[in-house]
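Down below is the structure, laid out as structure tokens.
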Amino acid sequence: MATKEQDPKTTEGEEISAPTNFVHEIIDQHNQSGRFEGRVHTRFPPEPNGYLHIGHAKSINLNYGTAMKYGGKFNLRFDDTNPAKEEQEYIDSIIRDVRWLGGDWEDRLFYASDYFQQIYEWAVQLIKMDKAYVDHQTADEIRALRGTLTEPGKDSPYRNRPVEENLDLFERMKNGEFPDGTCVLRAKIDMASPNMNMRDPVLYRILHAEHPRTGNQWCIYPMYDWAHGQSDSIERITHSICTLEFEAHRPLYDWFIDQLGIYHPQQIEFARLNITYTLMSKRKLLRLVKDGHVSGWDDPRMPTISGLRRRGYPSEAIRTFCERIGVSKANSVVEIGLLEHCIREYLNEHALRRMAVLNPLRVVLTNYPDGQSEEMDAVNNPEDPTAGIRKVPFSKVVYIEREDFMENPPKQFFRLAPGREVRLRYAYFITCTEVIKDANGEIVELHCTYDPATKGGDAPDGRKVKATLHWVSAAHAQRAEVRVYDNLFTKPNPEETAEGEDFTVNLNPNSLQVIPACYIEPALAGAEIGSRYQFERQGYFCVDLDTTPDKLVFNRIVGLKDAWAKAQQKG
RNA sequence: UGGGGAGUGGCCAAGUGGUUAAGGCUGCGGCCUUUGGAGCCGCCAUUCGCAGGUUCGAAUCCUGCCUCCCCAGCCA
């Protein structure tokens with residue numbers, strides 16, 4: 001059915017699928033022109049100053065996926081050039097997350113700090129070429145002379161120091177002779193450039209700080225701009241894929257590489273991911289953690305990879321999502337609904353079905369023999385016959401979902417109501433005969449009769465019911481805590497606030513609802529942490545790591561689509 | 001009012017001078033159903049930021065304009 005017209009071929013004639021985005025299109029052009037001799041080598045270059053989030057997943061998927069598509073290689077490299085903000089904890093979490101997302105760097109785990117010596121030598125080379133100088137201005141003075149977007153900057157008074165003096169000063173910077181902030185090394189480019197990045201950017205600053213990798217070996221650290229392009233060059237990266245904000249830095253990276261005369265990767269910029277009702281800024285996510293708005297980086301409401309993992313989002317589904325959103329240069333905001341769709345789509349196929357009652361209503365089957373119980377066959381996954389069946393115990397008293405009963409149902413409601421017959425899934429047809437209330441008029445129990453002829457859920461006389469309810473036998477039920485999540489923010493754009501307010505005013509006070517005592521079927525006892533199930537008619541749930549041998553805790557990953565709820569909303 | 005990017009349906013996104021302007025998500029109908037789930041079928045841009053122009057023919061080429069994003073860290 002798919003038309004297979006002219007699949008592009010490599011020079012070897014081996015088939016490569018058609019370009020799926022503009023990045024691949026550029027690579028195809030390079031492969032045609034022979035720019036990189038057919039090599040494709042990408043990398044994911046995080047700074048270890050926070051946890052990865054789903055926006056990073058898009059980047060990892062693009063970089064790793066691209067390498068795989070072209071039979072190339074993929075590196076993981078930490079851009080650890082600022083010891084003031086970076087920590088080993090972040091390095092560890094990032095490694096774990098990239099691996100979990102399926103990225104495989106084989107033996108190519110690198111650090112920009114691995115290249116500090118080389119980068120230092122290149123700085124010396126630049127000084128010798130009279131293309132860099134030590135500037136003793138303060139940060140404020142540098143800023144004052146940088147000019148503005150519309151006015152050119154002015155040369156630093158230190159700009160024309162002799163090469164020998166610069167060499168000496170830079171050496172002494174490295175040797176720790178100056179306190180932090182005394183001076184910096186700057187590139188000598190053009191203070192009048194319309195591109196602000198070219199106005200003599202800072203290359204090195206003095207930072208007497210302990211580095212997670214290099215300890216106290218260095219007290220000068222290269223700026224990202226001075227380290228990043230060269231790191232890619234050292235690793236012989238072919239395509240340096242990065243986000244849009246670095247587009248204006250590309251001329252600078254090109255200038256460095258051309259001055260140094262070293263291998264030249266091609267930088268390609270794409271638009272970062274934004275998702276409705278969530279934040280993607282590392283700074284703001286850090287704030288949520290530090291200020292205790294969430295329980296940690298792995299709070300199941302966080303868009304961090306560790307949060308999504310704990311919530312129960314399968315990495316396969318996250319990957320599908322990353323494929324489906326596409327890659328372009330247009331700033332965009334993807335609806336959270338698409339992510340949830342991908343999660344449901346995967347889990348529908350893979351999650352075992354179980355029955356669990358979150359908000360129980362006791363039902364007594366008045367004509368069912370006292371003390372009797374039997375085992376019903378239940379399908380584990382209707383989408384996957386190989387998942388088999390299980391036994392579910394049934395007895396005289398069962399719990400059903402409170403919202404599956406209405407005393408005075410509207411015409412659209414076809415679940416249980418007085419005098420009405422419905423099916424208990426895999427069990428029997430039951431008919432509600434009596435509603436028991438307490439002194440306050442609260443419904444505390446239902447009396448129903450069951451039809452023994454409908455065992456398994458089918459009526460031999462062919463009569464139909466309009467609803468099938470999930471249930472749990474009271475005598476066999478296990479207890480569990482269930483945590484139901486909603487969006488962390490109440491607005492599609494959490495950054496949208498009134499003057500003087502910040503994004504925390506948009507925090508959703510109902511983003512976490514804990515249901516301490518739910519009833520679950522016995523097959524769920526001993527479920528492993530991280531395992532995922534569909535609770536029939538409710539949604540997908542994942543065993544949380546707070547689970548202990550005597551207390552199961554489930555996270556709701558995502559609810560099932562609910563036509564009844566939607567109809568209610570419409571009124 | 002410098003420089004660099006981007007504008008295709010509610011949200012993403014294909015499209016690279018000749019197609020009825022892909023596809024997915026959402027939404028809306030209907031079928032089916034022992035999950036009001038899943039699945040299946042159908043509908044949803046005479047128009048591509050706007051205005052001109054070139055052409056037999058323009059989302060695609062040209063000109064002008066509008067809107068949005070990024071850049072003035074010793075952050076990345």
Side-chain angles (χ1 to χ4, degrees), chain A residues 20-21 25 45-47 49 79 81-82 84-86 135 137-139 142-144 146-153 180-186 192-199 201-207 220-221 223-225 227-228 242-251 269 271 276 282-283 323-342 344-345 348-349 353 355 378-379 382-383 412-415 423-427 429 454 456-459 464-470 492 534-539 559-567:
Chain A
T20 48
N21 59 53
E25 217 165 289
E47 183 194 13
N49 68 340
D79 275 342
T81 55
N82 186 359
K85 293 184 176 173
E86 296 153 9
D135 194 339
Q137 293 183 105
T138 65
I142 288 179
R143 186 180 317 121
R146 187 149 25 221
T148 69
L149 296 179
T150 52
E151 304 162 281
D180 289 4
T182 319
C183 52
V184 293
L185 183 72
R186 289 228 261 169
S193 172
N195 182 345
M196 299 292 291
N197 298 120
M198 302 298 272
R199 321 246 263 227
V202 171
L203 267 30
Y204 270 96
R205 74 286 216 188
I206 299 170
L207 242 35
I220 56 171
Y221 291 93
M223 297 289 291
Y224 172 86
D225 278 352
H228 185 80
C242 64
T243 43
L244 254 26
E245 67 269 27
F246 295 105
E247 205 149 20
H249 294 237
R250 178 154 32 97
E269 308 85 8
T276 55
K282 268 203 232 176
R283 210 201 94 242
E323 293 297 328
R324 230 163 266 187
I325 56 178
V327 179
S328 77
K329 299 191 70 155
N331 289 317
S332 60
V333 184
V334 176
E335 289 174 346
I336 187 77
L338 177 56
L339 210 209
E340 292 175 342
H341 166 81
C342 294
R344 288 193 192 97
E345 179 180 62
N348 176 49
E349 264 185 75
R353 265 88 275 217
M355 290 197 285
V379 174
E383 307 297 322
Q412 287 286 43
F413 183 92
F414 31 87
R415 277 112 94 149
R423 171 168 44 235
L424 292 183
R425 179 145 230 222
Y426 302 126
F429 283 11
T454 59
D458 277 312
K464 302 289 185 191
V465 289
K466 293 199 74 178
T468 299
L469 310 187
H470 61 278
Q534 182 196 98
F535 290 175
E536 294 219 18
R537 303 207 308 131
Q538 307 269 7
L560 250 28
K561 286 210 283 185
D562 188 340
W564 164 241
K566 188 181 287 181

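Numbers restart at 1 for each chain; the letters A, B, ... are given by sequence-line order, proteins then strands.
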*asked:* By the 4.0 Å heavy-atom rule, please label A/Val184 as base, sugar-phosphate, or nothing.
replied: base

*Contact class for A/Arg186 (heavy atom, under 4.0 Å): base, sugar-phosphate, or nothing?*
nothing

_Please classify the nucleic acid contact of A/Ile325 as base, sugar-phosphate, or nothing, using heavy-atom distances under 4.0 Å._
sugar-phosphate

*Footprint string (nucleotides 21-29 of chain B, 5' to 3'): B base within contact, S backbone only, - free, heavy atoms under 4.0 Å*: ---SSSSS-

_A/Arg205 vs B/rA76: side-chain N/O to OP1/OP2 distance below 4.0 Å_ = yes

*Classify the nucleic acid contact of A/Phe413 as base, sugar-phosphate or nothing, counting any heavy atom under 4.0 Å across all strands shown.*
base

_With a cut-off of less than 4.0 Å, is there a side-chain N or O of A/Ser328 near OP1 or OP2 of B/rA13?_
yes

*OP1 or OP2 of B/rG36 sitting under 4.0 Å from any side-chain N/O of A/Arg537?*
yes

Protein and nucleotides 3-6 of chain B: nitrogen or oxygen contacts under 3.5 angstrom:
unit_1 : atom_1 : unit_2   : atom_2 : d
B/rG5  : O2'    : A/Glu247 : OE1    : 3.3

*For A/Arg143 and B/rC75, what is the distance between atoms CZ and C1' respectively, to the nearest whole Å?*
13 Å

_Any carboxylate oxygen within less than 4.0 angstrom of a Lys/Arg side-chain nitrogen, looking at A/Glu269 and A/Arg250?_
yes

*Could you verify whether a donor N or O on one side chain and an acceptor N or O on the other, from A/Thr468 and A/Arg425, lie under 3.5 Å apart?*
no

_Categorize A/Glu383 for me: base, sugar-phosphate, or nothing, with a 4.0 angstrom heavy-atom threshold over every strand shown._
base

*For A/Phe246 and B/rC75, give me the distance from atom CZ to atom P, rounded to whole Å.*
14 Å

_Spacing of the P atoms in B/rC44 and B/rG53 (rounded, Å)_ = 32 Å

*Look through every strand shown and name the nucleotide pairing with B/rC65 as Watson-Crick or G-U wobble, where both distances are under 3.5 Å.*
B/rG49

_Once side chain to side chain contact (heavy atoms under 4.5 Å, CB included) is applied, do any residues pair with A/Glu345, and if so which ones, sequence neighbours excluded?_
A/Thr320, A/Arg324, A/His341

*To the nearest Å, how far apart are A/Tyr204 OH and B/rC75 C1'?*
17 Å

_Output the rounded distance in Å from CD (A/Glu151) to P (B/rC71)._
19 Å

*Test of ring centre spacing under 6.0 Å for A/Trp564 and A/Phe413*: yes

*Taking only N and O in the side chain of A/Arg146, is any of them less than 4.0 Å away from OP1 or OP2 of B/rC74?*
yes

*Residue matched to B/rG73 through Watson-Crick or wobble contacts both under 3.5 angstrom*: none

_Base-pairing mate for B/rU16 - Watson-Crick or G-U, with both contacts under 3.5 Å_ = none

*asked:* What is the separation between atom OH on A/Tyr221 and atom P on B/rA76, rounded to the nearest whole Å?
replied: 12 Å

*With a 3.5 angstrom cut-off on both distances, give the Watson-Crick or G-U wobble partner of B/rU33, or none if there isn't one.*
none

*Gap between atoms CG and P, on A/Asn197 and B/rC74 respectively (whole Å)*: 11 Å

*Over how many whole Å does the gap from A/Glu245 atom CD to B/rC68 atom P extend?*
20 Å

*When only distance counts, do a donor and an acceptor, one from the side chain of A/Glu25 and one from the base of B/rU16, lie under 3.5 Å apart?*
yes

*Using the C1' atom in both, what is the distance from B/rG4 to B/rU26, to the nearest Å?*
34 Å

*Nearest whole angstrom, please: distance from the P of B/rC75 to the CG of A/Asp79.*
15 Å

*Name the nucleic acid region contacted by A/Met355, choosing base, sugar-phosphate or nothing; use a 4.0 angstrom heavy-atom cut-off, strictly under.*
nothing

*For atom C1', what is the distance between B/rC70 and B/rC75, given to the nearest Å?*
16 Å

_Any side-chain N or O of A/Thr81 below 4.0 angstrom from OP1/OP2 of B/rC75?_
no

